[in-house]
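Just so it is clear, the structure is predicted and the values come from calculations on it, not from any experiment.
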Amino acid sequence: MENPSFVLRAVKDVVFEDRPKPTIKDQHDVIVHVAQTGICGSDLVAPYLINMKDEGNASSLLTHEFISWQRGRIGPYILNSPMVLGHESSGVIAEVGSEVKHLKPGDRVAMEPGVPCRRCDYCRGGSYHLCGSMIFAATPPWDGTLAKYYVNASDFCYKVPDSMNMEEAAMVEPVSVAVAIAKTADLKAHQKVVVLGCGPIGILCQAVAKAAGVSKVIGIDVVQSRLDIAKSYGVDGTYMPERAAPGVDPMEHAEKTANDIKEKMGLGEGADVVLECSGAEACIQMGIYVARRGGTFVQAGMGKEVVSFPITAVCTQGLIIKGSIRYLTGCYPAAIELISSGKIEVKKLVTNRFKFEQAEEAFELVKQARPDVFKVMIEGVH
């Protein structure tokens, strides 16, 4: 077989295809033999579990290829033709274009899966993550990385040290997301930080915050096993919120819970920074109220497209509200350093491993949103 690929043909319709091996068209590109690919599922399970049969009830953080598989779209990007899935990948350089000077065949790399145009005002201004012409793996109509070979821009492939294995190299992608969230929040030493959602991104945000020297990190989740994992990453406290009783106003419940968090976690008037990594409406509301006056709230989790939001509290508390998407300049090198130096241990996040030919089984497992399933990895084609 030339280039075995795991292809999404339509909603919930996946198939293995043998596609032609890609060729280098731009001499600054490289062909990567994909080694490992990660899947990241919902950040919060019950009671905020997504109902996959009802798009309107989506209320948890999902990776974009998982949303695409289940719903056939990622925000405005709609699946109109078959597309290879996958975007969290590492691999070995197989071929290089004639203009590539810093990489050679055999080099082990982590792949940044979004290549911007480099010409628009956003790119030229240093905000390439906002490029409107971004080519992002497994975002319609662009193919992803779950294939034997994948073509990527050479400057978006990062050599990893020999001390890192290829699973760790694939985990550079979610760590880069966490680094971008932390940079968006402008984290500083001695701050108090609350992270809502202890899925992979939430846990990694907590780890990045600790590495940045913040004085206190609190993890919030509704699943005890995930809070336990947060504790293993050195958070200073964890909290499991209760569901609102029937008939109780959700906003009142959010404010009451936030006050309880502040009191029990020793946050005083509130957190300096709130990182919302769940996408759950109740957590978003709670996060606004747990922030101190003048604090920063960063929304990273994606769930329902429209939520009830306490905008008056945002104004009266003078909060700084930011959104975070993908990666910023320098996030991939920073993530590689955090992993290779041992500051963030990613191996213990991997709970399930599959061969390439078991890719559909891997996605089905993620769909189940089991609390004992954290990070799922798919091995590449040999």
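Side chain to side chain, S89 and T37 meet the donor-acceptor criterion of an N or O pair below 3.5 Å. Counted by atom type alone, N259 and E263 present zero donor-acceptor pairs between their side chains at under 3.5 Å. Counted by atom type alone, Y150 and D143 present zero donor-acceptor pairs between their side chains at under 3.5 Å.
With salt bridges taken as basic N to acidic carboxylate O contacts below 4.0 Å, none links E269 and R292. Of the charged side-chain nitrogens involved, none lies within less than 4.0 Å of a carboxylate oxygen, so that R124 and D121 do not count as a salt-bridged pair. Look at K216 and D272 and you find no salt bridge, because none of the NZ, NE, NH1 or NH2 atoms lies under 4.0 Å from a carboxylate O. Note on E17 versus R9: no salt bridge recorded, every NZ/NE/NH1/NH2 to OD/OE distance being 4.0 Å or above. K367 and E360 are not joined by a salt bridge, as no carboxylate oxygen comes within less than 4.0 angstrom of a charged side-chain nitrogen. Between K148 and E2, none of the side-chain N atoms (NZ, or NE/NH1/NH2) sits under 4.0 Å from a carboxylate O, so this pair counts as no salt bridge. One finds a salt bridge joining D186 and K188 here, because a Lys/Arg side-chain nitrogen approaches an Asp/Glu carboxylate oxygen to under 4.0 Å.
Residues I93 and H33 are not in side-chain contact: their nearest non-hydrogen atoms beyond the backbone lie 4.5 Å or more apart. Here the side chains of V175 and V346 are in contact, with some heavy-atom distance below 4.5 Å. Side-chain contact between N352 and M377 is absent, with no heavy-atom pair separated by less than 4.5 Å. Side-chain contact between L227 and M240 is present, with at least one heavy-atom pair separated by less than 4.5 Å. Counting heavy atoms from C-beta outward, V314 and I321 have side chains that approach closer than 4.5 Å. Two residues are said to be in side-chain contact when any heavy atoms from C-beta on lie closer than 4.5 Å; I378 and L146 meet this criterion. Using a 4.5 Å heavy-atom cutoff, the side chains of V96 and K101 are not in contact. With a 4.5 Å cut-off on side-chain heavy atoms, P174 and E88 count as touching.
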* **Residue pair K347, E167: steps toward the salt bridge (charged side-chain N to carboxylate O under 4.0 Å, His left out) verdict** => CA-CA 8 Å; K347 286 185 287 189; E167 269 192 0; over 6 Å; no

* Asked: Can you list the steps and then say if F354 with E361 is a side chain to side chain contact (heavy atoms under 4.5 Å, CB included)?
  -> CA-CA 8 Å; F354 292 86; E361 184 181 342; 3.5 Å; yes

* So L8 and D13, side chain to side chain contact (heavy atoms under 4.5 Å, CB included) or not? Walk me through it. -> CA-CA 6 Å; L8 177 71; D13 177 14; 5.7 Å; no

* To do: Could you walk me through whether L349 and Y233 pass the side chain to side chain contact (heavy atoms under 4.5 Å, CB included) test, one step at a time?
  => CA-CA 10 Å; L349 292 181; Y233 274 81; 3.2 Å; yes

* Apply the test salt bridge (charged side-chain N to carboxylate O under 4.0 Å, His left out) to residues R226 and D372: give CA-CA distance (whole Å), side-chain angles for both, the deciding distance (0.1 Å), then the verdict. => CA-CA 8 Å; R226 300 208 162 195; D372 61 324; over 6 Å; no

* Should E276 and C283 be marked as a side chain to side chain contact (heavy atoms under 4.5 Å, CB included) after you check the CA-CA gap, both sets of side-chain angles, and the distance that decides it? -> CA-CA 7 Å; E276 207 301 302; C283 288; 3.4 Å; yes

* Full working for salt bridge (charged side-chain N to carboxylate O under 4.0 Å, His left out) between E95 and K21 -> CA-CA 12 Å; E95 297 179 32; K21 182 180 177 181; 3.2 Å; yes

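Side chain of E255 to backbone of E252: no donor-acceptor contact under 3.5 angstrom is found. Using modelled atom types, one side-chain atom of S225 and one backbone atom of P371 make a donor-acceptor pair closer than 3.5 Å. Between the D29 side chain and the I24 main chain, no donor and acceptor come within less than 3.5 Å of each other. Side chain of S90 to main chain of M166: a donor-acceptor pair is present (N/O by atom type, distance under 3.5 Å, no hydrogens or angles). Q285 places no side-chain N or O within donor-acceptor distance of the main-chain N or O of A280, the cut-off being under 3.5 Å. Although no hydrogens or angles enter the test, the distance criterion places a donor-acceptor pair under 3.5 Å between the side chain of Q299 and the main chain of G301. Looking at N3, its side chain does come within 3.5 Å of a backbone N or O of Y149 through a donor-acceptor pair. With R108 contributing its side chain and G91 its backbone, the two residues share no donor-acceptor pair below 3.5 Å. Although no hydrogens or angles enter the test, the distance criterion places a donor-acceptor pair under 3.5 Å between the side chain of K183 and the main chain of T329. A donor-acceptor pair under 3.5 Å links the side-chain atoms of S215 to the main chain of H190, judged by distance alone.
Cluster annotation: I284 is not connected to M251 through the hydrophobic network of ILVMFWY side chains, with a link wherever side-chain heavy atoms come within less than 4.5 Å. Tracing side-chain contacts under 4.5 Å through hydrophobic residues (I, L, V, M, F, W, Y), one reaches V373 starting from I39; they form part of the same cluster. Follow the hydrophobic side-chain contacts under 4.5 Å out from M83 and you reach V14 in the same cluster. Grouping the Ile, Leu, Val, Met, Phe, Trp and Tyr side chains by contacts below 4.5 angstrom, directly or via other members, places I325 apart from Y128. Note on Y158: it does not cluster hydrophobically with V151, by side-chain heavy-atom contacts below 4.5 Å among ILVMFWY residues.
Here SG of C123 is found 7.0 Å from CE of M134. Values are rounded to the nearest 0.5 Å. Here the CD-OG1 distance, from Q36 to T145, works out to 11.5 Å after rounding to the nearest 0.5 Å. Expressed to the nearest 0.5 Å, how far OG of S154 lies from CG of L103 amounts to 6.0 Å. Atom OG1 of T257 sits about 7.5 Å away from atom CD of E242, to the nearest 0.5 Å. The line from CD1 of I261 to CD1 of I220 is 4.0 Å long, rounded to the nearest 0.5 Å. Note: K264 NZ to I218 CD1 = 13.0 Å, rounded to the nearest 0.5 Å.
Among all heavy-atom pairs drawn from P116 and G114, the shortest one is CD-O, 3.7 Å. Taking every heavy atom of both residues into account, S341 and L338 meet most closely at OG-O, 3.3 Å.
In Y122, the OH atom is not crowded: 12 or fewer heavy atoms of neighbouring residues, nucleotides or ligands sit closer than 6.0 Å. Taking a 6.0 Å sphere around NZ of K210, one finds it holds more than 12 heavy atoms contributed by other residues, nucleotides or ligands. Summarising the local packing, NZ of K322 is surrounded by more than 12 heavy atoms from other residues, nucleotides or ligands at distances under 6.0 Å.
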Please list every donor-acceptor pair under 3.5 Å in which a side-chain atom of residues 192-204 meets a protein atom from a residue at least two apart or in another chain.
none

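For R326 and F136, the positive end sits near the middle of the six-membered ring, less than 6.0 Å away and at most 45° from its axis.
Residues F356 and F6 keep their aromatic ring centres 6.0 Å or farther apart. Ring centers of Y289 and F297: at least 6.0 Å apart, outside the cut-off.
Under the side chain to side chain contact (heavy atoms under 4.5 Å, CB included) criterion, E345 pairs with K348, not counting sequence neighbours.
Aromatic ring pairs are classed by plane angle as parallel below 30°, tilted from 30° to 60° and perpendicular above 60°; the pair Y332 and Y327 is perpendicular.
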